[in-house]
Structure formats: C-alpha cells, structure tokens
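Note sheet for the following structure.
Numbers restart at 1 for each chain; the letters A, B, ... are given by sequence-line order, proteins then strands.
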Number of protein chains: 2
Amino acid sequence: MNKDRPKTSQPTDPLATPKATIGRLSLYLRHLENLFQAGQETISSNKLGEALDISDAQVRKDLGYFGPMGHPGVGYRIAQLREKLRSVLGTNRDWNVALIGMGNLGRALFGYGGFHRRGFIISALFDQDPQVVGSVHGNLTVHHISELSVLTRELGLQLAILAVPTPAANDVATRVQAAGIVGVLNFAPTRLTVPKDLSIVSVDLGSELERLAFDVNRRLIPSDDDTQAPPLE
Amino acid sequence: MNKDRPKTSQPTDPLATPKATIGRLSLYLRHLENLFQAGQETISSNKLGEALDISDAQVRKDLGYFGPMGHPGVGYRIAQLREKLRSVLGTNRDWNVALIGMGNLGRALFGYGGFHRRGFIISALFDQDPQVVGSVHGNLTVHHISELSVLTRELGLQLAILAVPTPAANDVATRVQAAGIVGVLNFAPTRLTVPKDLSIVSVDLGSELERLAFDVNRRLIPSDDDTQAPPLE
C-alpha cells in the first residue's frame, strides 16, 4: 500500500464503533499483551485473526476504526497497537470503582484478582443491610448505600459493580446514576431499565454456560475414533 | 431467492463452526426468546442484526452453519429458529452440573438465578476444606473433592463450575477431567492448561469491566449538548 494513496479503511468516529467490536477489542488486547510479554514485535491481521478465530478482514475493519494502524509488509506493531487499545479500552489509567452489595457475590468480587491489575480499583463498599454496614474487608469499611452520593464526590467514584439481589437491581441503578457514577457492571440476571446517562454492561453467567454446553455438544458428536463414552445420556 | 436455485450459504458441518460464532448464537437466542415471548412470528436477518449490532451478512452466515433457516420474503420463523438454536446450544435439555469450590464465589453462584431456568442444574457441591465439607446449601451437602469421580458416575455429572482459588485451578481441572466430566466453566483469572478432552469456557470478569470502561470513554467524549460534567478527571 502506497502512503500517498487513500487507505481502504478510513478512520471513523470512535463514537460510531459498533458494540460487537468492543468485545473483540478486549480479545485483541489480551492476545497482544501475551505477545508483548513474550517479546514479539509485530503481527499480521491474518495471524491475529487466526489466534482468535476471527477473519482477517474483520480484524482489519475492527482496528481500522481507530485510524490506520497496520504497516504495509510489516503488519501491526504490537507495542503501538497495544498502547492504542489500552487507551481506547480505558485500561491505560485507573478507575475508581464502587462495589455495591456485600453478600456472597460482592465478597467474591472483592477478592477477585482480575480487576486491580487492569486498573479497576475497588475504592468503596456499600450495602443496605445494617448488619453488613460497618464490616471491614481489606482496608475498606462497608458504607450504607445512602452515603453513595457523598462518597462518589469525595472519592471520585466513576464505575459501580452491582452485586445486589435481582429485585433491588433497578432501584440501586437509579441511585448510582443519581450519585453521578457513569457506568455499571451488573451481575443481577435481569434487564436494567437503562437510565439515559448510564453505561451498563450486564454479565450473563447463564450464557457462559450455554457457550460451554455448545462446545461440549459439538465436540461429543460421536466419531469413529471416539472410544471413551462421555457421561451424557 | 428461488427455491430451485442452490442456496448461497451452504449448510456446513456443525463441528466446523468458528468459536466466534458461538458467542453470537447466545445473543441471537436471547433476542429471539424476547421476540417469541412478545408473540412476534418472523424476523429478517437485517432486523435481527440491527438489534444486536451485527451485520446482516454475518447473521446469515452464522445461522447458515445449521442449514438453510431463512425463508425468502419472510425472514426467519422465530419459533423454528429459537428451537434450532436451543438445540444447538444445548439448552433444550437439562445438564447436571458440579459446583467446585464453596467459598464466597461458589456460594454466590449457587444462589445465582440464571442457571437453573436455562437447564443447568447444580447437582453436587465440592470443596477440599474439611471445615466446608459436610455443610449444607439448599438441599445439597458439600462433598470432599476426592469423591468427585464416584459422584460423577452416580449422579451423571456432565459439567463443572470451577470457583476455586487461582493456584488450585489447574489441579482441579485435571481431577475434573479424570472423573469424566466433559466441560468446565472456569472463574479463576488464569489460563487453564487445557487437557485434551475437556471443553473449557473461562469467564473473564476483568474484560467485562474493560467493555464498560470503553463504553464510558466513548459516551463521555464531550459534545455540545453535554451539560452535565461527569466525575472523570
């Protein structure tokens, strides 16, 4: 590709990035982080797609949203693309996160190792149960949910993880938005009535089990060299 | 499209379905379930794609893996496509699931409402801590992990949810496979050394927060009608 010729994939307004792309950006970034750690310097869209079962055309389209990133005859420079994706995905900075709901799930998420190292810092804990408020986890004390607004301002909380029972989820989402928090990671298996100015990502654990069942179904279609019977009826 | 002309998207061996398709099948199914509940009878690939931010060409390709499903001039028949996807994703039947690790996360998952109604039945609980073994949750008693093989045969356990600490994850995955369980949903934020005959789906909660941060980043690029300042520095 000649530098003077117009690129086939034009840089687009990041606001126009399709939602389906976002999930893939995370996949690209994780793979690039591994390659980066391993000292690899470049990768082609073909190889990147192959590793993730995504077509190379789709890879080029996805990464084209953020301007021309590929280099003719070289592919993507891993360090550069990694930096760009970290910036796009917001993991090149720290986020202050409120964890709301300190039942089993909340306590499990508080102990989860995968948030902090990507820059998501759980900075405040909330619950509405008087028996839970005041309890201490790590170096944090659980606050009553009524203190959410004050602490959001004081601590600069930006995101909230909702680990509350399903019937409470919508009420809490409304409080979260009123407090000025801009994004919610929702674990309640229910659809939140989305307030306008709140980003919501819902974790659907049931659909993860569906993915697993699909893979098992697919893998265990009997074939000639399949000697071990699986425990499926 | 004429009935006598060959279809452009040939039905393919389901074994050849790309991994990236699987995640989308779950999305299609969830949307179709909603439409089905609402009494809608048909939908075009265009409308289906629009609702999920997936191109209609991609929709037709994904659904084409399972044979010709679209009807010329009609689109997809929702009841028929829903049934097909439920069968492909394995949610038209029940699965017996072992839940391994009864710490905070395990207890949270045991109480999670999104598994049972999709046919994933938690049928046995395991831990290795003598203080946890023997405790009762719902109508189930926690067994020691050493009983996994016996109970897998006795109860016909097929899938396992791994809610164990990261350092234990690989050891438990090996035990799970030896017991004859064919699929694992892994919550430990680590890459399992995949034994050959085990399907593994890893839930990466950190990447869900990345998706959220991306959406917030994208939404909060200041625009003219943006009067309310978000609490981002």
Separation of [Y] [atom2] from [X] [atom1] (nearest 0.5 Å):
X	Y	atom1	atom2	value
Leu25(B)	Glu210(A)	CG	CD	9.5 Å
Ile200(A)	Leu212(B)	CD1	CG	9.0 Å
Leu109(A)	Leu105(B)	CG	CG	7.5 Å
Leu209(A)	Leu159(B)	CG	CG	6.5 Å

(message) Could you check whether atom CD of Gln37(B) has more than 12 heavy atoms from other residues, nucleotides or ligands sitting under 6.0 Å from it?
(response) yes

(message) Quick check on Leu29(A) against chain B: is it the side chain, the backbone, both or neither that has a heavy atom closer than 4.5 Å?
(response) side chain

Where do [X] and [Y] come nearest, in terms of heavy atoms and distance?
X	Y	value
Asn217(A)	Ser87(B)	ND2-O, 3.6 Å
Ala213(B)	Leu89(A)	CB-O, 3.4 Å
Phe214(B)	Val88(A)	CE1-CG1, 3.1 Å

Heavy-atom cut-off 4.5 Å, strictly under: side chain, backbone, both or neither for [X] against chain A?
X	result
Arg153(B)	neither
Ile161(B)	side chain
Phe110(B)	neither

(request) Compare all side-chain heavy atoms of Tyr112(A) with those of Thr166(B) and state whether any distance is below 4.5 angstrom. (result) no

(message) With a 4.5 Å cut-off on side-chain heavy atoms, are Leu205(A) and Phe187(B) touching?
(response) yes

(request) Heavy atoms only, distances under 4.5 angstrom: which of His116(A), Arg107(A), Arg118(A) has the most pairs with chain B? Name it, please. (result) Arg118(A)

(message) Counting heavy-atom pairs closer than 4.5 Å to chain B, which one of Ala108(A), Gly119(A), Ala188(A), Ser202(A) comes out on top?
(response) Ala108(A)

